[in-house]
Amino acid sequence: MRKEKTIIGQRIRNLRLQKMMTQKELCGDKITRNMLSAIENGYAAPSIDTLLYIAEKLNVSPGILISDTENDISLQKIALIDSIRQAYGREAYSICIDLCSGLSEDDEVDHILAHSYLSVAKESFDRGDLREMCALLDKAVAYAGRSIYSDGSVIAVASRYFKYVNSISKMLFSEQISDNRTWNDDISSINDEFCRYMLAIDTLNGKTDITGLPETIFSFSKLQYIKHIEAVKLMQNGEYHDALILLKELIYGQTALELPIMYNILREAELCSKETDNYKDAYEFSNSCISLLDRILKQ
């Protein structure tokens, strides 16, 4: 009996400390500090009413306190879940990943990890660290596949990012996702602005058939996406001079572009320069493109 009392007491004490509660805060006006101290040190067993009260104050199930077997992962989750949710709500995704470290085989945690890894992978994409991005995306996909809460959007968005970087270099690929996926498979990715932008560009280049999709999906908050789409439209109409003006605004403008997007814009600027017989600019854009490719593949 002493062993059982000790286990219950240790669980109460650990949870109280993990939630940064003092004995006085846990006791409230229901139990005395002497009684709580005796319970936490294994000298007394809580009554049913006391146990229910303590569980309520700690925001845990009473069963967690009195179960016969240790469940450290469940206890860790209970202690950390509020902090995890708070970090996730603040979009502090790296902190979410750190907090979830060691918590396994939990659907809610796997769901949070899937979205957190996807978000930090996007950050790696933006700064051009594409090898790191691929590794993070694969982790996002793996966790999404484990969670019963997954709606497929994480895998769909990851698939589109992989498609984009694979068009830059065949060395950048997923070990989790088949490269045979189409937009029909990844339709849920249109909630992501970059994926909608990618869809618009692919449609203009004749790579994708969007029959049945409403044109209203092509709405963007990023001016650089709108400007690039307009430049591609001009190129499709053979208006290379006007297209090059827009592309130069994107290349030399004050708004920073994601490095992988800049790579493709430089390629298009090179093409427009050649089409307008401006070989000096074509040479400069070609060199810039080669240097940028070397940079994003070496990170």
Side-chain angles (χ1 to χ4, degrees), residues 1-123 136 139-140 142-154 191:
M1 180 63 181
R2 174 64 189 275
K3 179 181 178 181
E4 285 75 12
K5 288 190 291 186
T6 300
I7 292 173
I8 293 172
Q10 286 177 343
R11 289 178 182 173
I12 291 172
R13 183 175 186 276
N14 289 339
L15 285 168
R16 177 176 62 78
L17 293 176
Q18 286 167 349
K19 290 177 178 289
M20 292 183 288
M21 295 176 67
T22 64
Q23 285 189 333
K24 182 178 179 180
E25 288 171 331
L26 182 54
C27 289
D29 57 0
K30 297 291 185 181
I31 56 178
T32 66
R33 290 181 64 182
N34 285 339
M35 174 56 72
L36 178 59
S37 180
I39 291 172
E40 288 188 345
N41 288 294
Y43 295 116
S47 66
I48 294 298
D49 288 342
T50 298
L51 185 71
L52 292 174
Y53 170 77
I54 290 174
E56 182 180 4
K57 290 281 285 186
L58 291 172
N59 194 28
V60 300
S61 166
I64 291 294
L65 303 179
I66 61 175
S67 60
D68 291 333
T69 58
E70 291 285 357
N71 193 338
D72 291 338
I73 291 177
S74 293
L75 290 173
Q76 288 178 45
K77 181 191 173 185
I78 290 165
L80 294 172
I81 196 62
D82 288 342
S83 297
I84 292 170
R85 289 170 179 161
Q86 185 178 46
Y88 188 82
R90 293 180 177 178
E91 299 183 357
Y93 299 113
S94 294
I95 294 176
C96 273
I97 292 170
D98 289 341
L99 290 172
C100 290
S101 177
L103 302 179
S104 59
E105 298 181 3
D106 182 278
D107 286 310
E108 183 180 16
V109 170
D110 287 344
H111 179 72
I112 291 172
L113 281 170
H115 284 273
S116 296
Y117 272 115
L118 177 64
S119 296
V120 295
K122 290 179 182 180
E123 293 171 5
L136 293 169
K139 287 184 178 180
Y143 281 112
R146 282 171 36 170
S147 174
I148 62 171
Y149 299 119
S150 175
D151 56 8
S153 63
V154 169
N191 291 322

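Because only heavy atoms are used, hydrogens play no part in the values below, and waters and symmetry mates are left out as well, while side chains stay in. If you read the sequence from its start, that first residue is 1, and numbering goes on from there. These figures come from a predicted structure and were not determined experimentally.
Atom CD of Q18 and atom CZ of R11 lie 12.5 Å apart (nearest 0.5 Å). Taking CD1 of I84 as the start and SG of C96 as the end, the distance is 7.0 Å to the nearest 0.5 Å. Atom CG of residue L58 and atom CE of residue M21 lie 5.5 Å apart, to the nearest 0.5 angstrom. Atom SG of C100 sits about 9.0 Å away from atom CD of E108, to the nearest 0.5 Å. Rounded to the nearest 0.5 angstrom, I148 CD1 and H111 NE2 are separated by 10.5 Å. Between atom CG of residue D107 and atom CZ of residue R146 there is a gap of 9.0 Å, rounded to the nearest 0.5 Å.
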Only pairs under 3.5 Å count here: list side-chain donor-acceptor contacts from residues 88-95, not counting sequence neighbours, and write none if there are none.
none

Solution key, residues 27-38 side-chain donor-acceptor pairs under 3.5 Å, sequence neighbours excluded:
residue, atom, partner, partner atom, Å
T32, OG1, M35, N, 3.0
S37, OG, N41, ND2, 3.4

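Qualifying salt bridge (Lys or Arg N to Asp or Glu O under 4.0 Å) partners for R16, counting only residues two or more places apart in sequence or in other chains: E40. By the salt bridge (Lys or Arg N to Asp or Glu O under 4.0 Å) test, K57 is found to be paired with no residue, residues two or more places apart in sequence or in another chain being considered. In terms of the ring-ring contact (aromatic ring centres under 6.0 Å, His included) criterion, residue partners of Y143 (sequence neighbours excluded) are, by chain and number, Y117. With sequence neighbours excluded, no residue forms a side chain to side chain contact (heavy atoms under 4.5 Å, CB included) with D98.
No side-chain heavy atom of N191 sits under 4.5 Å from any side-chain heavy atom of S153.
Counting heavy atoms of neighbouring residues, nucleotides and ligands inside a 6.0 Å radius, atom CD of E56 does not exceed 12 of them.
I54 pairs with exactly one of I12, L15, V60, D49 by the side chain to side chain contact (heavy atoms under 4.5 Å, CB included) rule, that one being I12.
Summarising the geometry of S47 relative to T50, their closest heavy-atom pair is OG-OG1, 2.9 Å, with the distance given to 0.1 Å.
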